Number of protein chains: 2
Amino acid sequence: MAFTQAVPATNRLLDALHHKDREQLLTNCEHMELNIGEVLYRAGAAIPHVYFPTGGFISLLAPVDSSNLELGLVGNEGVLGITLILGVDSAPFTALVQGTGTALRITTASFLHILEQSAELHQVLKRYLYVSMSQLAQSAACTRFHLVEGRLARWLLMTKDRAHSDHIHITHVFLAYMLGVRRVGVTKAANSLQQQKLISYQRGDITILDHDGLEAASCGCYQADKEIYERILGRVGQPSVGAMTGFRTPPPLQTSREVGDWLLRRL
Amino acid sequence: MAFTQAVPATNRLLDALHHKDREQLLTNCEHMELNIGEVLYRAGAAIPHVYFPTGGFISLLAPVDSSNLELGLVGNEGVLGITLILGVDSAPFTALVQGTGTALRITTASFLHILEQSAELHQVLKRYLYVSMSQLAQSAACTRFHLVEGRLARWLLMTKDRAHSDHIHITHVFLAYMLGVRRVGVTKAANSLQQQKLISYQRGDITILDHDGLEAASCGCYQADKEIYERILGRVGQPSVGAMTGFRTPPPLQTSREVGDWLLRRL
DNA sequence: TGGCCTCTGTACGTTAGCGTACTTATGGCA
DNA sequence: TGCCATAAGTACGCTAACGTACAGAGGCCA
């Protein structure tokens with residue numbers, strides 16, 4: 001069954017750039033196809049290209065023991081290879097194409113060259129890196145504490161956003177691998193979501209039936225991820241230092257109260 | 001009982017700088033004492049100061065649901081507030097002083113000002129950020145897959161390195177909080193380590209008796225963390241792009257076969 | 001049409017860790 | 001000296017997820 005996707009052939013980070021900077025990047029990029037299953041980077045190895053997905057999307061996998069754990073997804077809202085801006089050219093994660101589609105790709109050398117010339121690009125990418133780190137932390141906590149069903153719901157929603165489609169092609173085995181659980185665990189969770197009429201699936205084709213319901217069934221991490229993205233990258237171009245203070249209505253004091261009180265009493 | 005600590009009143013990142021840059025930073029820093037239990041940052045709130053620990057050390061806590069999970073430790077090998085170099089001034093983590101001791105502290109404004117002037121400082125900090133991200137990923141995986149006993153062993157070793165002492169002052173309740181498990185879980189694990197004569201403890205005082213044995217009992221994450229640090233920051237000052245390629249002898253091919261096969265074989 | 005491979009459902013027993021509650025030690029302090 | 005708060009040990013049932021194994025079901029191709 002071939003699902004049609006409303007693929008936006010754009011990348012949000014590139015869109016945020018002003019004309020001149022964007023053009024310079026684009027003329028150095030090549031259009032290409034990402035094919036599901038392709039390994040773009042290997043953890044610890046060199047980063048040959050930077051990818052700005054326009055249609056496809058990519059999983060970030062951290063090696064653990066003799067397997068892997070997914071810690072992030074990159075779609076047309078982001079960029080793969082972001083750590084190059086830190087001056088280190090080896091990939092911290094394995095990057096695996098998760099959804100077939102298009103991307104713009106540029107060699108590491110060209111990328112670094114353009115980066116030096118465009119303060120604006122640098123700005124946007126730094127913020128995206130901040131967002132990536134935050135989402136990484138979110139995933140860490142999520143993976144530790146949340147139940148498989150909620151995590152699965154989250155994964156489906158995140159993937160839906162990046163695939164720009166309610167149809168996702170993936171098997172339970174593969175999902176199990178991403179979530180770091182048994183295939184049986186996925187089957188059970190998926191079944192439960194199906195019973196609740198939030199999704200339907202068969203032989204590798206999953207359809208999201210009720211976005212809001214799925215969001216309710218997911219852990220809060222889906223929302224949290226979106227919020228941090230919007231907060232930091234929603235209005236790129238504005239100064240961030242000094243401007244985004246106090247977003248979450250943080251408590252005014254920074255003494256060791258609160259965490260403190262509770263903790264201090266037992267130190 | 002008061003343990004004496006061999007506290008090195010230096011910070012490895014600062015030590016890596018050349019005289020001039022280091023001096024400029026130091027003259028803008030104030031020496032201060034970190035007291036156990038102090039909350040230096042709150043996740044989501046502004047970052048008022050950057051801290052270079054010289055003696056004390058600090059936990060990085062990610063908020064999750066209504067609790068927290070420790071995702072990193074910062075001692076005199078690192079710096080707290082590193083994300084400022086990304087141009088975002090809100091803290092991604094809550095920062096809690098874990099070990100009493102000294103630190104050098106500088107206001108965010110001064111820090112950013114000096115940062116602009118010293119390419120070398122910038123370089124070192126970018127690399128440290130890369131290391132932080134990698135260690136974050138390591139913690140995520142560790143937290144998900146490894147047993148409490150191994151994680152406890154890892155935590156003790158990491159803390160030992162940062163406290164520069166075999167004696168650690170911390171209770172089971174507190175450890176449970178850091179590791180995201182029940183106090184009873186810590187008690188059991190600690191007991192087991194004690195039976196194996198790797199540590200001994202009583203009422204909040206833990207002593208590491210056998211470093212190597214503890215390392216063997218810990219999950220590989222302790223080693224992995226050290227390796228990534230040494231690899232990226234071991235020889236600061238040398239160009240890293242293009243220089244650290246191929247470290248882990250990565251396999252040459254990147255086709256989609258491979259993963260497919262590779263994935264399926266382990267599922 | 002039959003065979004086969006892949007995907008999904010189900011069914012064990014096992015285990016690490018959970019929540020809770022109660023007990024026992026220990027050290028500081030009145 | 002005795003009290004008391006805090007630290008650590010123990011016990012109980014419970015649950016999510018584990019490892020494994022096998023059975024049905026769907027699609028593909030000979």
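Residue numbers begin at 1 in each chain, while the letters A, B, ... track the order of the sequences. Predicted, not measured: the structure shown is a model, and the values here were computed from it.
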> Nearest-Å distance, CG (A:D65) to P (D:dC18)?
Replying inline: 14 Å
> Roughly how many Å is it from CG in A:L147 to P in C:dA16, rounded to a whole number?
Replying inline: 19 Å
> Does A:R182 get its side chain close enough to the base of D:dG19, under 3.5 Å, for a donor-acceptor pair?
Replying inline: yes
> Rounded to the Å, how far apart are B:H169 NE2 and C:dG27 C1'?
Replying inline: 12 Å
> With respect to A:L175, which candidate in A:I206, A:V181, A:T159 satisfies the side-chain contact (heavy atoms from CB on, under 4.5 Å) definition?
Replying inline: A:I206
>> Using a distance-only criterion (donor-acceptor N/O pair, under 3.5 Å, no hydrogens), is the base of C:dT8 paired with the side chain of A:R203?
In response: no
>> Using whole Å, what does the distance between atom C1' of nucleotide D:dT6 and atom OH of B:Y177 come to?
In response: 19 Å
>> Starting the side chain at C-beta, find the nucleotide from D:dA17, D:dA7, D:dT10 nearest to B:T187.
In response: D:dT10
>> Is it the case that the side chain of A:N11 and the backbone of A:P53 share a donor-acceptor pair, with hydrogens and angles ignored and the cut-off at 3.5 Å?
In response: yes
>> Can you confirm whether B:D210 sits close enough to B:K197 that some side-chain heavy atom of one is under 4.5 Å from a side-chain heavy atom of the other?
In response: no
> When you check the side-chain N and O atoms of A:Y229 and A:S134, is any donor under 3.5 Å from an acceptor?
Replying inline: no
> What's the closest nucleotide to the B:V184 side chain, out of C:dA21, D:dA7, D:dA25?
Replying inline: C:dA21
> A:Q202 has an atom CD; how far is it from atom C1' of C:dT6, in whole Å?
Replying inline: 14 Å
> What's the CG-P distance between A:D205 and D:dG27, to the nearest Å?
Replying inline: 9 Å
>> If the cut-off is 4.0 Å, is A:N191 near the phosphate of C:dT8, judged by side-chain N/O to OP1 or OP2?
In response: no
>> Please compare A:I170 and A:R144 by the position of their nearest nucleotide in DNA chain C and report the one closer to 5'.
In response: A:I170
> Reckon B:G204 touches a base, only the sugar-phosphate, or nothing at all at heavy-atom distances under 4.0 Å?
Replying inline: sugar-phosphate
>> A side-chain contact here means heavy atoms from C-beta on lying under 4.5 Å apart; do B:H49 and B:R105 qualify?
In response: yes
> Where the side chain of A:Y201 is concerned, which of C:dT8, D:dA17, C:dG17 is the nearest nucleotide?
Replying inline: C:dT8
> Rounded to the nearest Å, what distance is computed from the NE2 atom of residue A:H146 to the C1' atom of nucleotide D:dA16?
Replying inline: 14 Å
> Quick one: B:K188 NZ to C:dG19 P, roughly how many Å, whole number?
Replying inline: 14 Å
> Donor-acceptor pair under 3.5 Å: do we get one between B:R183's side chain and the base of D:dG9?
Replying inline: yes
